[in-house]
Amino acid sequence: TQLLEQSPQFLSIQEGENLTVYCNSSSVFSSLQWYRQEPGEGPVLLVTVVTGGEVKKLKRLTFQFGDARKDSSLHITAAQPGDTGLYLCAGGRRGSQGNLIFGKGTKLSVKP
Amino acid sequence: NAGVTQTPKFQVLKTGQSMTLQCAQDMNHEYMSWYRQDPGMGLRLIHYSVGAGITDQGEVPNGYNVSRSTTEDFPLRLLSAAPSQTSVYFCASSYLAAFTDTQYFGPGTRLTVL
């Protein structure tokens, strides 16, 4: 059962464009993390959000946790080729220790 | 610090062979875990450990064993390899077994079972 649905699955854009990636669930999560993974490497954490409605910014990346804590979005402003990679969202639940449920990911390609 | 290290980087096995994937971390993290990543499936949790001597099953544990005799090491054993275990395996660790903790991932082991 895939509890976290990410969309779109693939995204190819030109440098300078804006984009939004979505992570949706019918279940409530206590936390939502976003990771970026480059080919041949392990995922690297970008951000953790824990409060419904929370917005966090990391340079050109803006992350939002839905009010009901069932969904999240990642918005990239003026995308650059260095933003290319696989973006994964991962949900955590209180009491599940460190165990995370991952979405299938959005593969982003930013062309110069 | 080396962070999370995994060996080998690549491995090819024949059906029925056994092997151990090594994972070590030098950050004194209590929580360690193993995930497998398959195309179109995302990362799925195999086994995890919240401290030395404590292990538990994740979402897809069948065909795998783990042990945690020290804080640093968390090996994953394939008992009798099957083609369905062809995948990329990632080890991860975090300071605490908390749902908000940062997970640090190793570089992965790409396993092919023929």
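Values reported hereafter were calculated over all heavy atoms of this structure, with side chains retained and with hydrogens, waters and symmetry mates removed. Quick note on labels: first sequence line is chain A, next is B, and so on, each numbered from 1.
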J.: If two hydrophobic side chains count as joined below 4.5 Å and joins carry through other members, does A:Phe65 share a cluster with A:Leu3?
T.: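 Per the 4.5 Å side-chain linkage, A:Phe65 and A:Leu3 are co-clustered.
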J.: What part of A:Glu41 gets closer than 4.5 Å to chain B, counting heavy atoms only: side chain, backbone, both or neither?
T.: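 Backbone only.
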J.: Can you hop from B:Leu111 to B:Leu76 via hydrophobic side chains spaced under 4.5 Å?
T.: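 Yes, it is one cluster - the side chains of B:Leu111 and B:Leu76 are joined through contacts under 4.5 Å.
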J.: Same cluster or not: B:Met27 versus A:Leu45, using hydrophobic residues (I, L, V, M, F, W, Y) connected whenever any side-chain heavy atoms lie under 4.5 Å apart?
T.: no
J.: To check you understand the geometry: which heavy-atom pair defines the closest contact between B:Gln103 and A:Leu100, and what is its length?
T.: CG-CD1, 3.6 Å
J.: Could you look at B:Gln6 and say if it's the side chain, the backbone, both or neither that has a heavy atom under 4.5 Å from chain A?
T.: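 Neither part; nothing is under 4.5 Å.
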J.: Quick check: is B:Ile46 connected to B:Phe90 through a chain of hydrophobic side chains (ILVMFWY, heavy atoms under 4.5 Å apart)?
T.: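 Not linked; separate clusters.
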J.: Checking heavy atoms, do the side chain of A:Arg93, its backbone, both or neither come under 4.5 Å from chain B?
T.: backbone
J.: Please look at A:Gln6 and chain B and tell me whether the side chain, the backbone, both or neither of the residue comes under 4.5 angstrom of a heavy atom of that chain.
T.: neither
J.: I'd like to know whether CD of A:Gln80 has more than 12 heavy-atom contacts from other residues, nucleotides or ligands below 6.0 angstrom.
T.: yes
J.: For A:Tyr35 together with B:Phe105, are the ring centres under 6.0 Å from each other?
T.: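 Between B:Phe105 and A:Tyr35, the centre distance is under 6.0 Å.
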J.: With a 4.5 angstrom heavy-atom cut-off, which part of B:Leu45 approaches chain A: side chain, backbone, both or neither?
T.: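 It is the side chain, since no backbone atom gets that close.
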J.: What disulfide bond (SG atoms under 2.5 Å apart) pairs are there with at least one residue in residues 9-97 of chain A, not counting sequence neighbours?
T.: A:Cys23-A:Cys89
J.: Under a 4.5 Å heavy-atom cut-off, does chain A meet the side chain of B:Tyr104, its backbone, both or neither?
T.: neither
J.: Taking A:Ala90, A:Pro43, A:Gly92, A:Gly105 one by one, which has the highest count of heavy-atom pairs under 4.5 Å against chain B?
T.: A:Pro43
J.: Does any heavy atom of chain B fall under 4.5 Å from the side chain of A:Leu86, the backbone, both, or neither of them?
T.: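 Contact with chain B: side chain only.
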J.: Testing the basics here: between A:Leu88 and B:Gln37, what is the closest heavy-atom pair and its distance to 0.1 Å?
T.: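 Scanning both residues, the minimum pair turns out to be CD1-NE2, 4.4 Å.
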J.: Answer yes or no: does atom CZ of A:Arg94 have more than 12 heavy-atom neighbours from other residues, nucleotides or ligands under 6.0 Å?
T.: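 Counting other residues, nucleotides and ligands, CZ of A:Arg94 stays at 12 neighbours or fewer.
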J.: Check the surroundings of atom NZ in A:Lys56: do more than 12 heavy atoms from other residues, nucleotides or ligands lie under 6.0 Å from it?
T.: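 Yes - once you tally the heavy atoms of other residues, nucleotides and ligands closer than 6.0 Å, there are more than 12.
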J.: Are there over 12 heavy-atom neighbours, none belonging to A:Lys59, within less than 6.0 Å of that residue's NZ?
T.: no
J.: Quick one: which residues of residues 47-54 of chain A reach chain B at under 4.5 angstrom, heavy atoms only?
T.: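 Within residues 47-54 of chain A, the residues that come under 4.5 Å of chain B (heavy atoms only) are A:Thr48, A:Val50.
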J.: Could you measure the distance from the CD atom of A:Gln33 to the CG atom of B:Asp101? Nearest 0.5 Å is fine.
T.: 8.0 Å
J.: So for B:Thr102, is it side chain, backbone, both, or neither that comes closer than 4.5 Å to the heavy atoms of chain A?
T.: both
J.: Donor-acceptor pair, distance only, cut-off 3.5 Å: does the side chain of A:Ser31 make one with the backbone of B:Phe99?
T.: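 A pair under 3.5 Å: yes.
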J.: Quick one: pull up CD in B:Glu59 and CD1 in A:Ile101 and give me the separation to the nearest 0.5 Å.
T.: 7.5 Å
J.: Start with the C-alpha gap between B:Met41 and A:Phe102, add the side-chain angles, then the distance that decides, and say whether side-chain contact (heavy atoms from CB on, under 4.5 Å) holds.
T.: CA-CA 9 Å; B:Met41 294 295 293; A:Phe102 279 84; over 6 Å; no
J.: Is it the case that one hydrophobic cluster holds both B:Tyr48 and B:Leu21, taking links as side-chain heavy atoms less than 4.5 Å apart, direct or via other members?
T.: no
J.: Where on B:Thr100 is there a heavy atom nearer than 4.5 Å to chain A: the side chain, the backbone, both, or neither?
T.: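 Interface part for B:Thr100: both.
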